[in-house]
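One structure below.
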Amino acid sequence: MEIISDDEIALSLASQEITVKQILRKHLLECPPTMPLFEVAKLMSEARCSAVIISDGKEPLGIWTERDALTIDFSSSDALNQPVERLMSRPLKNITGETTLQEVASRFLEEGVRHFLVVDDEGGTLGVVSQTDVVLNQGIEHYLRLRKVDSVMKDNQLVFGEEVGLGEVARQMSQVHTDAALIRYGTGEYGIITGRDIVQLIARRLTDCRVGGLATRPLITIATDASLYRARNVLVQNGIRHIGVVDGQGDVRGLISLTEILFGVENVYVQELRQALAERDQALQHSQRSLHLAEKVIESSLEGIVVTDAQGLILSVNPSFTRLTGYRAQEVIGKTPAVLRSGRHDKAFYSEMWRRIREEGNWQGEVWNRRKNGEVYPQLLTIAAIRDEAGELSHYAALFSDISELKDTEARIRNLAYYDPLTHLPNRRLLQDRLSVAIAHAHRSQGRLAVVFIDLDRFKRINDSLGHAIGDQLLQEVASRLQCSVKEDDTVARMGGDEFVILLSDIEDIEQVVQVARRTLEAMSLPILVNEQELVITCSLGISIYPEDGVSLDSLIQNADSAMYRAKEAGRNSYQLYSATMNAHSLEHLALEVTLRKAIQEEELSVHFQPLFDARNETLVSAEALLRWHSPTMGWVSPSDFIPLAEESGLIVQIGEFVLRRVCRELQRWTALGYEAVSVAVNVSAMQFRSKDFLESTRAVIQEYDIRPGQLTFELTESMLVDEAVENIRTMNALRKMGICLAVDDFGTGYSSLSYLRRFPVDTLKIDRAFIRDIDTNQQGASLVAAVILLGHSLGLKVVGEGVEREGQLRMLQGHGCDLIQGFHYSAAVDGVTFEQRYLPTQAVGE
Ligand code: C2E
Ligand code: CA
Ligand code: CA
């Protein structure tokens with residue numbers, strides 16, 4: 001607050017400035033930390049500045065303000081010679097010049113400071129911005145107009161006799177946190193002494209005088225019942241920062257300062273802002289909010305308020321204006337309210353309105369206006385002409401409330417019949433209407449159409465465990481995602497519950513429909529943020545095509561529904577076409593499945609090992625077992641291609657056991673050779689993990705090969721932690737009891753919630769390689785990974801960086817304390833024999 005200069009007060013409120021850079025004070029006073037106080041004061045007095053930045057020539061260390069000047073102990077003779085660094089305030093926090101005022105305002109609240117140092121991209125200092133500067137630029141005029149001088153007057157007004165010493169005056173001013181005091185002379189006259197005067201006196205080393213000879217006379221005054229707006233104008237016009245307040249009898253009651261005026265307004269503004277922030281999450285609670293505000297502001301802030309100048313240009317608007325119209329202050333300030341016009345009223349309407357305002361001073365009536373989103377709505381509008389003391393028209397103030405609620409009721413009742421009230425999507429009835437129209441059209445044009453039936457996977461669990469409110473929000477988000485994955489003229493309808501239908505009319509080929517299905521699955525796979533919780537929901541889709549899969553409305557919907565059930569059976573999060581012949585995808589699957597079965601019999605599968613190294617000393621610690629399939633007809637088939645298939649067909653259980661056997665066989669060999677410190681991580685798929693005899697067969701294999709269970713780690717994916725949690729925890733605990741370690745694989749790709757991890761007995765966190773990919777080139781990516789490592793450690797987990805291919809990535813991970821490194825930078829997976837020859841001899845024998 002102290003930073004603002006008188007000239008800056010005159011900053012036009014009507015300006016459209018939006019970034020900090022633009023409202024920055026230009027001249028910044030700087031001094032070294034060792035400069036004696038009286039010299040700093042001299043610097044400030046000469047420059048008529050209220051603050052100095054203390055800097056060591058390279059960077060700012062702190063700030064010294066007029067208010068700080070009052071805390072000096074004037075009774076000590078040496079006080080004015082001490083270096084400024086002893087009394088400065090610090091630290092000064094930074095923001096960049098590009099920050100918008102809106103953002104700065106919230107930062108002030110968040111950080112609890114009143115000044116920010118404004119820096120440019122290179123970190124160079126541009127200046128200082130105070131909370132006041134920001135408030136002044138946020139359109140506060142209507143508050144000033146609505147409040148009177150006595151509303152901000154403080155009780156503890158300081159009045160001194162003319163013979164009191166300056167030191168005493170300063171001491172008391174500092175004590176009651178005021179930067180001005182009244183001086184009452186024997187003659188009954190009043191004078192004033194301010195913080196700025198005191199700085200001047202410090203500069204002149206005149207601090208041991210009586211205050212009577214130093215005060216400014218005569219005192220400029222204003223009446224208690226004048227508006228703050230007038231008080232502010234008097235201050236600005238006279239280039240002063242304090243003004244005396246006189247009551248009806250002409251007695252001086254005290255002083256008010258610009259600081260207090262702004263602080264009063266600031267409080268209101270800050271509360272508004274805080275409210276606005278809270279409103280992002282909560283529905284607007286009129287009554288709650290009203291409690292906090294001064295009487296008149298209560299009524300007004302419930303309604304939209306616009307203040308214009310005499311020409312009708314908008315000077316300021318309040319937050320409700322934004323809420324009701326959709327326009328933010330910066331978007332309308334400087335324009336005329338005509339931007340809000342709906343076009344529903346003719347010229348005559350407006351000229352009659354203006355005639356009444358001119359002649360009678362106000363107008364009230366119903367007006368149709370247009371919101372920023374284009375929506376036309378009715379409002380109850382009151383416009384008042386405001387005249388200044390001389391009777392000149394100076395401003396217009398408009399107050400309005402939205403009465404569309406009333407008008408809407410009727411329309412809403414009509415809507416209910418066709419639209420789903422929760423998601424605003426067409427309901428079953430409207431879908432049926434549209435589908436029958438589309439069928440008739442397709443029939444005439446010999447075209448095709450598709451019905452896609454969508455059902456959310458395991459929605460019931462979310463609804464039951466997290467509550468219906470969250471379930472509702474989730475459905476709304478799903479609805480909007482579905483709508484984004486289709487063209488404008490396709491229909492997305494909600495059938496009820498967690499079932500949706502997409503109607504695609506005019507399709508050219510099946511591929512087009514499959515594309516939509518894929519896009520939908522993809523759109524769904526991104527986590528949904530509800531109440532600061534990340535939820536992941538998948539869905540299953542079934543598709544039927546007109547005319548192949550049915551020619552009637554009912555048969556198309558029914559067949560899409562049954563295809564959807566097949567998608568669920570096939571493992572969810574996928575789509576199925578109704579007619580098997582068209583299900584090219586599933587055909588392909590079938591063929592591959594047959595081949596895979598044969599591969600198991602013919603022993604085309606093998607297990608390779610990829611080494612993991614200690615990040616600090618780069619020595620071998622363990623290996624991950626990775627499955628390899630070499631098919632005589634297809635060559636190398638990637639596990640990412642056949643593992644999902646093996647899961648769908650159930651073959652994964654058999655394959656998983658095969659991998660575990662191979663791994664244990666190698667471990668047995670290596671132990672016999674003396675390398676028992678090496679451990680191996682085995683990937684366990686969800687289906688395998690859930691299968692009934694997983695624990696039993698694991699135990700049996702370990703016994704058969706006589707393995708120390710600590711040599712084994714099972715890698716689980718995040719989704720397994722989230723899914724059917726209770727069962728899974730039981731299995732995990734049983735594995736841990738056997739001595740097997742657990743790792744979370746591919747961390748960051750799916751559910752990415754560290755809070756899940758807290759609940760599970762895991763030892764290791766593997767950061768997915770998608771996150772590692774650009775950490776040496778992308779600052780944001782790097783800090784994300786750094787944060788994950790930190791969080792992992794705070795949960796007591798070992799952290800592995802996967803997919804490390806470059807030196808730069810390695811350095812980055814080492815720098816952030818990552819424990820283990822895996823990736824092509826060291827080695828790809830190699831067969832057991834190669835692994836043994838290449839890595840084990842470097843491994844110390846025994847532990
Ligand atoms: P994963 O568990 O994330 O395994 C790591 C994958 O990253 C491996 O792919 C590995 O070869 C690859 N990789 C390692 N370092 C690098 C690197 O620096 N750059 C790049 N680009 N890639 C690297 P792979 O062997 O193709 O395995 C793919 C996925 O298949 C595995 O991902 C795992 O989910 C699954 N999988 C592999 N073997 C098994 C198994 O025995 N059982 C089960 N259930 N799943 C397996
Ligand atoms: Ca893995
Ligand atoms: Ca992985």
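As a basis for the values below, the full set of heavy atoms in this structure was taken, side chains included, without hydrogen atoms, waters or symmetry mates. Counting starts at 1 for both ligands and their atoms, following the listed order.
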Which residue and non-hydrogen atom of the protein lie closest to [atom], and at what distance in Å?
atom                    : answer
atom 24 (P) of ligand 1 : Pro639 CG, 3.6 Å
atom 20 (C) of ligand 1 : Glu805 OE2, 3.2 Å
atom 31 (C) of ligand 1 : Leu626 CD2, 4.4 Å
atom 12 (C) of ligand 1 : Arg769 NH1, 3.6 Å
atom 41 (O) of ligand 1 : Val659 CG2, 3.4 Å
atom 13 (N) of ligand 1 : Phe824 CE2, 3.7 Å
atom 43 (C) of ligand 1 : Asn683 CB, 3.6 Å
atom 3 (O) of ligand 1  : Asp746 OD1, 3.1 Å

Any non-hydrogen atom of [X] lying under 4.0 Å from ligand 1?
X      : answer
Gln822 : no
Arg628 : yes
Ser640 : yes
Lys766 : no

May I ask you to test the [X]-[Y] pair for a side-chain heavy-atom distance under 4.5 Å?
X      : Y      : result
Thr764 : Asp819 : no
Trp629 : Asp641 : no
Val804 : Phe613 : no

Practice problem: State whether the number of non-hydrogen atoms from other residues, nucleotides or ligands found under 6.0 Å of Gln512 atom CD is greater than 12. | Solution: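 Result for CD/Gln512: enclosed.
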
Self-check item: For the Ca ion (ligand 3): the N/O/S atom of Asp746 at shortest distance
Solution: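 Closest N, O or S atom of Asp746 to the Ca ion (ligand 3): OD1.
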
Quiz item: With respect to the Ca ion (ligand 3), what is the nearest N, O or S atom of Asp745?
Solution: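 For Asp745, the N, O or S atom at the smallest distance from the Ca ion (ligand 3) is OD1.
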
Quiz item: Below 3.0 Å, any N, O or S contact between Glu802 and the Ca ion (ligand 3)?
Solution: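 Given the 3.0 Å cut-off, Glu802 counts as a ligand of the Ca ion (ligand 3).
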
Quiz prompt | Residue of the set Tyr675, Phe835, Tyr705 for which ring-ring contact (aromatic ring centres under 6.0 Å, His included) holds with Trp670 | solution =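 Single ring-ring contact (aromatic ring centres under 6.0 Å, His included) partner of Trp670 among Tyr675, Phe835, Tyr705: Phe835.
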
Quiz item: Backbone, side chain, both or neither: what part of Val607 comes under 4.0 angstrom of ligand 1, heavy atoms only?
Solution: neither

Quiz item: Side chain, backbone, both or neither: which part of His825 has a heavy atom under 4.0 Å from ligand 1?
Solution: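 None of His825 does.
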
Practice problem: Would you indicate which of Ala686, Ser685, Ser827 comes nearest to atom 44 (N) of ligand 1 when only heavy atoms are counted? | Solution: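 Comparing heavy atoms across Ala686, Ser685, Ser827, the nearest one to atom 44 (N) of ligand 1 lies in Ser685.
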
Quiz prompt | Distance-only donor-acceptor check, side chains Thr520 and Tyr575, under 3.5 Å | solution =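 Not at all, the side chains of Thr520 and Tyr575 share no donor-acceptor pair under 3.5 Å.
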
Quiz item: Among side-chain atoms of Asp831 and Thr834, is any donor-acceptor pair under 3.5 angstrom?
Solution: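 Yes, a side-chain donor-acceptor pair sits under 3.5 Å.
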
Quiz prompt | Phe714 and Phe694 aromatic centres sub-6.0 Å | solution =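 Yes, ring centres under 6.0 Å apart.
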
Quiz item: Charged N to carboxylate O under 4.0 angstrom, Arg519 versus Glu522?
Solution: no

Exercise. Provide the number and element of each atom of ligand 1 under 4.0 Å from a heavy atom of Glu802.
Key: 3 (O)

Quiz item: In terms of atom number and element, which parts of ligand 1 are under 4.0 angstrom from non-hydrogen atoms of Val804?
Solution: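 So the atoms of ligand 1 that pass are 18 (O).
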
Quiz item: Any N or O of Leu627 that comes nearer than 3.5 Å to an N or O of ligand 1?
Solution: yes

Quiz item: Would one find an N or O of Glu624, backbone or side chain, under 3.5 Å from an N or O of ligand 1?
Solution: yes

Self-check item: Heavy-atom closest pair, residues Thr423 and Leu475
Solution: CG2-O, 3.9 Å

Quiz item: For Leu626 and Gln610, which heavy atoms make the closest approach, and how far apart are they?
Solution: CD1-OE1, 3.9 Å

Quiz item: Could you go step by step and tell me if Glu805 and Arg769 meet the salt bridge (Lys or Arg N to Asp or Glu O under 4.0 Å) rule?
Solution: CA-CA 10 Å; Glu805 297 179 352; Arg769 64 168 186 273; 5.8 Å; no

Practice problem: Give the C-alpha distance, both sets of side-chain angles, the deciding distance and a yes or no for salt bridge (Lys or Arg N to Asp or Glu O under 4.0 Å) between Asp457 and Lys568. | Solution: CA-CA 8 Å; Asp457 297 333; Lys568 291 237 179 221; 2.9 Å; yes

Quiz item: Where the Ca ion (ligand 2) is the corner point, what angle links OD1 of Asn683 with OE1 of Glu715, to 10°?
Solution: 90°

Quiz item: Would you say Glu624 reaches the Ca ion (ligand 2) with an N/O/S atom under 3.0 Å?
Solution: yes

